[in-house]
Amino acid sequence: MSNALAELAEGKIDFVGQNLVDQIAKVTLVAGGVISFVAGFALQDLRVTFSLYGAIVVLLALVVLPPWPMYNRHPVKWLPMAAPPS
Amino acid sequence: MHSIFARINNTSALLSSCMMALLAAIALSTLVFTARPEGNVSVASVQVYSGNTRRYATKRQDLAFVDFNITADFAPLFNWNTKQIFLYLQAEYNTTTGIKNEAVIWDRIIRRKEEANVNVIGKNKYNLRDLSTNFKNAPPASYSLKYNIMPYVGALTYGEAARTSEPVAFPPRKTRV
């Protein structure tokens with residue numbers, strides 16, 4: 001029981017998933033910044049910029065932080081246990 | 001990125017860098033706006049009385065009272081990065097020894113574009129007095145309306161909106177109203 005809870009809190013994802021998370025975060029934050037700036041500048045309202053960016057960041061957190069199953073599609077293939085040297 | 005904590009750590013670091021770049025972009029975007037509003041300042045009258053101020057109530061000195069008329073429109077200065085505009089009316093004159101005196105006698109803070117049209121017929125808010133406690137040797141003063149744009153992000157910028165067309169002299173002192 002406590003093992004399952006600890007695993008849930010850790011939120012482990014495999015390496016391919018980590019790479020994917022990294023890419024998603026980079027693209028979203030930079031593109032989101034550009035889009036928020038352009039939207040705010042066009043409407044001449046600073047609140048538009050920051051509320052749009054805030055919404056993008058919250059969505060990113062929902063996509064990237066929890067250990068979704070799509071990040072665990074390529075688990076590490078461990079070698080079989082070798083016989084201990086006697 | 002192996003655990004939730006590691007992902008929070010990495011994404012928040014990237015977020016703060018992006019945020020800094022965004023703020024820098026907002027500050028630089030202000031350079032695009034180059035409005036220079038012009039207005040009008042005229043002084044209706046200047047009167048000099050002998051009086052004292054509240055700080056040292058027994059120190060008699062000359063106090064000048066200025067009635068002025070200001071009209072200006074500061075709406076062009078309001079863009080997305082303008083937090084507020086600080087307006088101030090200055091009396092400027094050089095003493096006989098060549099020292100420049102600039103005294104702010106009136107000011108106002110404008111926070112919204114709707115209240116940016118300024119039409120004030122008023123008198124000085126603050127005491128106008130000379131360091132030598134009298135205006136005997138003070139040459140005629142120019143009154144200038146200046147503004148300070150305070151952005152949300154970026155550098156403070158200053159400008160002058162209006163100036164009296166000719167300097168206005170200080171009359172001789174009167175002892176009673």
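Below, chains carry the letters A, B, ... as their sequence lines are ordered, and counting in each starts from 1. For clarity, every value in this text was computed on a predicted model and none was experimentally measured.
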Part of A:A61 within contact of chain B (heavy atom distance under 4.5 Å): neither
Under 4.5 Å from a heavy atom of chain B, the part of A:S36 involved: neither
Common cluster, B:L145/B:F78, ILVMFWY with side-chain heavy-atom separation under 4.5 Å: yes
Side chains of B:H2 and A:F15 in contact at under 4.5 Å (non-hydrogen atoms): no
Residues, nucleotides or ligands: over 12 heavy atoms within 6.0 Å of A:K12 NZ: no
Close side-chain approach of A:F50 to B:I26, heavy-atom, < 4.5 Å: yes
CG (A:L62) with more than 12 external heavy atoms under 6.0 Å: yes
Close side-chain approach of A:P67 and B:I4, heavy atoms under 4.5 Å: yes
B:K83, NZ: over 12 other non-hydrogen atoms inside 6.0 angstrom: no
Cluster check B:Y152, A:V48: I/L/V/M/F/W/Y, side chain < 4.5 angstrom: no
Joint hydrophobic cluster, B:Y88 plus B:F74, side-chain heavy atoms closer than 4.5 Å: no
Closest contact, heavy atoms only, B:C18 versus A:Y53: CB-OH, 3.2 Å
Beyond-backbone contact of A:I13 with B:R7, side-chain heavy atoms, under 4.5 angstrom: yes
B:E114, CD atom: more than 12 neighbouring heavy atoms under 6.0 Å: yes
Exceeds 12 heavy-atom contacts within 6.0 angstrom, atom CG of B:L28: yes
Verify same cluster id: A:L20, B:L14 (apolar side-chain graph, 4.5 Å): yes
Interchain contact, A:D22 with chain B, by part (heavy-atom threshold 4.5 Å): both
Side-chain touch A:L43/B:W80, heavy atoms, less than 4.5 angstrom: no
Part of B:N79 within contact of chain A (heavy atom distance under 4.5 Å): both
Contact class of A:V57 relative to chain B, heavy atoms under 4.5 angstrom: side chain
CZ on B:F33 to CD on A:Q44, rounded to 0.5 Å: 4.0 Å
Side chain to side chain, B:T11 and A:L65, heavy atoms closer than 4.5 Å: yes
Value rounded to 0.5 Å, distance of CD1 in A:I56 from CG in B:L15: 11.0 Å
NZ (B:K125) with more than 12 external heavy atoms under 6.0 Å: yes
Least distance between heavy atoms, A:Q18 atom then B:M1 atom: CG-O, 3.5 Å
